[in-house]
Protein chains: 2
Amino acid sequence: MTHSEENYIKAIFHLASSGIDVISTNAVAEKMETKPSSVTDMMKRLSEKGLVHYKKYQGVSLTPLGTKTALSIIRKHRLWEVFLVEKLGFAWDEVHEVAEQLEHIKSEKLIDKLDELLSFPKFDPHGDPIPGKNGELMEHDSQVLGQLPIGSVALCVGVKDSSAVFLRFLDRNSIALGNKMKILEKEEFDNSLRILIDERELHISQQIASNLYVKKIEL
Amino acid sequence: MTHSEENYIKAIFHLASSGIDVISTNAVAEKMETKPSSVTDMMKRLSEKGLVHYKKYQGVSLTPLGTKTALSIIRKHRLWEVFLVEKLGFAWDEVHEVAEQLEHIKSEKLIDKLDELLSFPKFDPHGDPIPGKNGELMEHDSQVLGQLPIGSVALCVGVKDSSAVFLRFLDRNSIALGNKMKILEKEEFDNSLRILIDERELHISQQIASNLYVKKIEL
DNA sequence: ACAAATTTTTAGCTTTGTCTAAATTATTTA
DNA sequence: TAAATAATTTAGACAAAGCTAAAAATTTGT
């Protein structure tokens with residue numbers, strides 16, 4: 001598989017996980033930042049290789065082989081992200097670009113050993129689950145911060161949006177994975193929240209609140 | 001720069017270091033395992049980019065920019081080799097293939113941090129010097145085992161041939177970098193040697209002896 | 001239901017990197 | 001030194017991956 005093919009497979013997987021039922025050529029083109037005509041060409045190629053189901057004008061979906069391939073690429077991507085943060089001291093907003101390159105390195109042994117070096121992590125620096133060697137993908141049993149009722153206490157376990165801008169915003173406000181947060185108040189008008197993070201009081205917008213995954217702690 | 005361009009630059013650098021004065025299209029083609037016509041095409045492209053000096057029928061050589069580029073790629077290659085051996089437990093005959101892929105990853109920070117993680121190594125697992133950030137390349141002040149006079153004692157500091165076959169031969173015979181070796185006898189007829197390696201007596205052919213770099217120890 | 005709008009595909013072109021076969025230039029040798 | 005041989009380059013093709021512009025199919029709106 002070429003780098004480009006792998007990137008398309010990954011994009012289709014992510015679109016499929018994001019709850020869309022039928023994945024259109026346009027959706028793939030937008031995600032890949034390319035033109036729909038290029039997507040059509042690539043879908044034909046991936047279809048020939050048995051990685052996607054593709055019928056003209058009907059949208060595209062991954063075959064079991066395609067899904068397995070996607071999970072293997074995502075596994076590599078996320079393991080490398082852990083490596084960059086844990087071993088090389090990268091910040092969590094700096095890892096994506098480099099991991100995009102590293103995920104294409106072909107060596108089963110490399111990934112197995114890397115996994116071992118990192119002590120078999122289950123989540124990447126953004127809280128996303130790392131697929132296992134055989135493609136088992138742990139499901140986040142978390143919810144979005146904005147949906148918690150007032151008074152609840154939760155642990156921050158992940159970010160939905162892992163763009164550098166958002167991550168740096170979190171850094172500036174000392175919000176990190178593992179933080180304990182309590183909902184103090186919710187503003188009816190704009191759904192913004194007043195929360196308590198590790199003894200510190202903070203006011204956050206609905207935008208922010210809907211991009212933080214949390215796990216409720218029962219008291 | 002594309003992967004392919006980088007590979008050509010590296011190949012030309014290695015040919016130049018191996019003492020050839022004029023690097024022919026054929027020589028590059030052989031090293032790259034490709035056809036001379038493909039080399040001609042690539043030399044034109046690299047020449048346009050200012051990486052090589054190229055005149056039809058006259059052979060090719062690296063410009064200062066080309067040399068700098070080559071050293072940067074070799075630096076990456078060798079640092080990754082150290083990583084694979086030191087951190088991931090790869091054997092020295094398994095690293096080349098993977099390092100060939102890793103050397104093309106583009107991130108200055110990645111390499112700087114990797115260098116740091118590895119405690120700024122000066123040599124790779126085969127004893128080859130690792131170029132510095134600014135392209136300084138340490139010169140091996142070593143000689144080939146076969147050239148030592150009888151009775152001399154030396155440390156094994158590198159291998160000239162780092163093919164997997166040769167490296168596995170060394171493994172099977174417990175010859176490793178850092179070993180102390182003493183020349184006991186030299187066979188006039190075939191230049192084979194009887195040597196003492198760390199208390200163990202061994203008979204090695206001239207072939208082998210001329211592929212081991214050693215550093216004499218004065219007694 | 002049919003025209004308009006949107007989406008998707010096709011056709012044809014570009015670049016990178018490769019190839020083969022033919023032509024050209026250099027080198028060797030008799 | 002001239003012919004033979006070897007090395008190198010050119011010309012023309014091909015595959016991957018992208019693009020633009022035009023055509024075709026689907027969806028939408030009235």
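Convention: sequence-line order gives letters A, B, ...; per-chain numbering from 1. Source: prediction; values computed, not measured.
Distances were taken from every side-chain heavy atom of B/N26 (C-beta onward) to each of C/dG17, D/dG18, D/dA7; the shortest belongs to D/dA7. Taking the side chain of B/S37 as heavy atoms from C-beta on, and the options D/dC19, C/dG17, C/dA21, the nearest nucleotide is C/dA21. Residue B/D41 places its side chain closer to C/dT18 than to any other of D/dT10, C/dT18, D/dA17. Comparing D/dG18, C/dT16, C/dT10 by their nearest atom to the side chain of A/Y8 picks out D/dG18. Candidate nucleotides D/dG18, C/dT18, C/dT8 were compared by shortest atom distance to the side chain of A/T40, and C/dT8 ranks first.
For the pair B/I20 CD1 and D/dA7 C1', the computed distance is 15 Å after rounding to whole Å. Residue A/M32 contributes atom CE, which lies 6 Å from atom P of D/dG18 at whole-angstrom precision. The distance from atom NZ of B/K49 to atom C1' of C/dT15 is 11 Å, rounded to the nearest whole Å. Taking atom CE on A/M43 and atom C1' on D/dA17, their separation rounds to 12 Å, with Å as the unit. In this structure, A/Q58 atom CD and D/dT27 atom C1' are separated by 12 Å, rounded to whole Å. A straight line from CZ of B/R45 to C1' of D/dT10 spans 15 Å, rounded to a whole angstrom. Put simply, NZ on A/K56 is 12 Å from C1' on D/dA23, counting in whole angstrom units. One interatomic measurement links the two molecules: NZ of A/K35 to C1' of C/dG12, which rounds to 17 Å at whole-angstrom precision.
Side-chain contact between B/T67 and B/P64 is absent, with no heavy atoms from C-beta onward closer than 4.5 Å.
Within the nucleic acid shown, A/S4 comes within 4.0 Å of sugar-phosphate atoms alone, with no base atom in reach, counting heavy atoms only.
At a cut-off of 3.5 angstrom, the base of C/dT9 holds no donor-acceptor pair with the side chain of A/T25. The base of C/dT8 does not come close enough to the side chain of A/S24 for any donor and acceptor atom to sit less than 3.5 Å apart.
Using a 4.0 Å cut-off, no side-chain N or O of A/K44 falls inside it from OP1 or OP2 of C/dT9. Neither OP1 nor OP2 of D/dA23 sits under 4.0 Å from any side-chain N or O of A/Y57.
For A/K35 and A/E30, the salt-bridge test fails: no basic side-chain N is under 4.0 Å from an acidic carboxylate O. Electrostatic pairing of A/E6 and A/K106 counts as a salt bridge here, judged by a charged N lying under 4.0 Å from a carboxylate O. A salt bridge between B/K87 and A/E116 is absent, with no side-chain N of the basic residue lying under 4.0 Å from a carboxylate O of the acidic one.
Relative orientation of the B/H3 and A/H3 rings is perpendicular, given thresholds of 30° and 60° on the angle between their planes.
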